[in-house]
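Worksheet for the structure shown next.
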Amino acid sequence: MLKTEVSSTTLHTMGGTSTISVGSDGVAIITIINPPVNSLSLDGAKGKFSGGFDISAFGGMHEGKAMSTGPSSKPGYVSIDILSDTLEAARKPSVAAIDGLALGGGLEIAMACHARIATSTAQLGLPELQLGVIPGFGGTQRLPRLVGLAKALEMMLTSKPVRGLEAHTLGLVDEIVPGDQLLQTARKYALDILERRKPWISTLYKTDKLEPLGEAREILNFARAQARRQAPNLHHPQVCINVIEEGIVSGPRAGLIKEYEEFQILLHSDTCKSLVHIFFAQRGTMRVPGVTDRGLKPRNIKKVAILGGGLMGSGIATALLLSGYQVVLKEVNQKFLDGGLGRVKSNLSSSVRKGKLTQEKMDKTLSNLKGVLDYESFRDVDMVIEAVIENVSLKQQIFSDLEKYCSPHCILASNTSTIDLNLIGEKTKSHDRIIGAHFFSPAHVMPLLEIVRTQNTSPQVVVDLLDVGKKIRKTPVVVGNCTGFAVNRMFFPYTQSALLLVERGADLYRVDKAITKFGMPMGPFRLCDLVGFGVAVATGSQFVFNFPERTYKSMLIPLMQEDKRAGETSRKGFYVYNDKRKASPDPEIKKYIEKAREMTGVSIDPKVITHSIPFIIQFNSIPSNNQLMDLIPFQLEKISEKDIIEMIFFPVVNEACRVYAEGIAVKAADLDIAGVMGMGFPPYRGGIMFWADKLGSKYVYSRLEEWSKMYGEFFKPCAYLAQRAALGAPLSAPLDQGKSRL
Ligand SMILES: C[C@H](O)CC(=O)SCCNC(=O)CCNC(=O)[C@H](O)C(C)(C)COP(=O)(O)OP(=O)(O)OC[C@H]1O[C@@H](n2cnc3c(N)ncnc32)[C@H](O)[C@@H]1OP(=O)(O)O
């Protein structure tokens, strides 16, 4: 029971409200209220358990405002003067009572207290690295001293929080209590410290959890090597390790100073700006003008039917089952149905093997799955997701069947990745409830859900699907209807420009290597192998048909298909694969490239090469044409990595501009998220539009213009890009009103 309050004060600040109330036991309770996540701001009072420092204030700091303003202009003011020399060194003990989140700056304040009491479900973590910075309020020094170096490094480098129970085992938390006993226990704990019944601990000077220096160095070096391997383009994980090391080698106060200095530098890095942009852009996808601002409430979707138990259908079923939905899976015959159900089971078993799901939960989850061969069970479902092969007439037939069997309120969704939804729904009268639910393979793993809305789809149906997307832990991006929607329209030129480059003489494996080095999970050719040539050609044909003027016509893939090379599944594609599915370059590929060149009349143009890669060769005699041609592949191999990256990605930027200008995407930031989550574009580059804006619209335009003169229409900058470049304006600036197709 709390004792009666004897005094209380409320502070209103820009960062929310703080209340201080002192009970008759003399213990003061500071409560800080700053919805939604109690983020911290420097103008506000300190001491709240929260989602961390106010990330929206990073923006102002990027524009030049220092993090330390006013009285806090002194280096390390918060971490040294406030948290170490005032809070931690005080003659009054402080105890953190943690319910819910204690992340980033929130946990750093808690660690500067003399003890921490938490609920078992509280989440404690230092996720600053996910934003391109390091903990800045002493976290790099205190966390290793509470939980040991190895665990502290893991928590910081992965940005993953731990739950209260684990935090207690680790020593981060002193006691775990139910939520309703939190304050009472924390109060008593503070008095116990004061009266020396509990130890009075300053975390900063604790050493018992720190490994001896030699061992510590080994752990740090191991972490360095691992971080370099996992994120070779990222500098800030290395900085974090260096800062931790400084504290171990030179003492925690030296560590705090280095932490402050490095934090200030990282705050202004491109990586931090890009990751903060992605943080807000990801949350912004849930806001769709004209849809989510109408006050519509999502309807309760309980039962979903899926048509097709292939790779996509079974993945979608898995994702829904894992979030508690009842799922009906329909196939055309028992063999296919058994295959589909088997795939769902094996997806779930793999979660059990990885410790993400218990066997008991898996059995319970599977009881929500029903396999069927007809439409009878569709009568009471709330939503259907069609996930059959990309065949227009088959989909049209299915949608008219669905109209007959499903109730009038049932949402009719298609998982098509390219086909125009109006075409799919052509034979129905249900246009207001037809919507695209485009998942990415494997659907139970990939984080993006592209929600496609036609001009007739009702906003209620969009709101319903946004809600389902959130519940199955996907990031939904709402886009307009067209061939390929947003993600595949951006993907198409990615493969096309790669084909163009190799046909002009660039080494295929070097293209993949350059793109992987840039930060993509794999290069365009390795990806084609993974997706399979069959799917690549089927999707590609939609583009060839709809956008012929900007299609690069290559015979390379069809030629390889003739020789039964179909990608990874056939063990041969652009690479060859061994039993363990390890990819190796194949010298045979040259043969296909030469033949493809011959068939389409593409040649390596020496003028272009010498123009783009100036270098001098001295000949003793005048070389023959054949000798010159022999030199060409060698010369083209000299194409710089920067040129490879720009020639592959600027056409993607160009297409993203078209998608934006046509109103298919409502915000440029949605395309950034679609690229990051659907294509694997590196988040630390901020997404495709953000990255292009960093290079400047003028530069992107001028390069595309240059290549379009050399290689033709494929590279031609679109009108929107040309206009932005002429104005010197960013590509991501909001569009004129009334343009959106949504
Ligand atoms: C000096 C220090 O060391 C520096 C720091 O502390 S840096 C900050 C470190 N903290 C973080 O990185 C945590 C970031 N936040 C998160 O991971 C998640 O938001 C969360 C786990 C706190 C909550 O997740 P969830 O419940 O799914 O809600 P989510 O939609 O993400 O956030 C709710 C709202 O709070 C905002 N928000 C979350 N954390 C915020 C923060 N630290 N600052 C400002 N706004 C924040 C979100 O933008 C969102 O706003 P919106 O509703 O207007 O879109």
Judged by modelled atom types alone, do [X] and [Y] share a side-chain donor-acceptor pair under 3.5 Å?
{"X": "H438", "Y": "N415", "answer": "no"}
{"X": "T600", "Y": "K553", "answer": "no"}
{"X": "N233", "Y": "Y684", "answer": "yes"}
{"X": "Q542", "Y": "T483", "answer": "no"}
{"X": "S458", "Y": "D432", "answer": "no"}
{"X": "D670", "Y": "Y660", "answer": "no"}
{"X": "T551", "Y": "Q496", "answer": "no"}
{"X": "Y592", "Y": "D563", "answer": "yes"}
{"X": "N391", "Y": "S393", "answer": "yes"}

Would you call [X]-[Y] a salt bridge at under 4.0 Å N-O?
{"X": "E598", "Y": "K595", "result": "no"}
{"X": "R550", "Y": "E713", "result": "no"}
{"X": "R489", "Y": "E662", "result": "yes"}
{"X": "E568", "Y": "R526", "result": "yes"}
{"X": "R571", "Y": "D579", "result": "yes"}
{"X": "K335", "Y": "D338", "result": "no"}

Take atom [atom1] of [X] as the centre, draw a 6.0 Å sphere, and report whether it contains more than 12 heavy atoms from other residues, nucleotides or ligands.
{"X": "F547", "atom1": "CZ", "value": "yes"}
{"X": "K513", "atom1": "NZ", "value": "no"}
{"X": "E549", "atom1": "CD", "value": "yes"}

Is a side-chain N or O of [X] found less than 3.5 angstrom from the main chain of [Y], in a donor-acceptor match?
{"X": "N488", "Y": "F491", "result": "no"}
{"X": "S350", "Y": "S346", "result": "no"}
{"X": "D512", "Y": "F525", "result": "yes"}

Checklist entry - Out of N481, T454, N546, which one pairs with D420 under the side-chain hydrogen bond (donor to acceptor under 3.5 Å, both in side chains) rule? => result N481
Item to check | Member of R299, R433, Q460, M383 meeting the side chain to side chain contact (heavy atoms under 4.5 Å, CB included) criterion with H409 | outcome: R299
Next on the checklist: Given L466, which partner from the list V468, V462, D464 fulfils the side chain to side chain contact (heavy atoms under 4.5 Å, CB included) test?
Outcome noted: V462
Item to check | Derivation of the salt bridge (charged side-chain N to carboxylate O under 4.0 Å, His left out) call for D586 and K572 | outcome: CA-CA 9 Å; D586 183 0; K572 270 187 175 185; 5.3 Å; no
Checklist outcome for this item: Correct closest heavy-atom pair for F681 and M520 would be CA-SD, 3.5 Å
Item to check | Ring geometry between Y375 and F378 (parallel below 30°, tilted from 30 to 60°, perpendicular above 60°) | outcome: perpendicular
Checklist entry - Can the ring centroids of F649 and Y494 be said to lie less than 6.0 angstrom from one another? => result yes
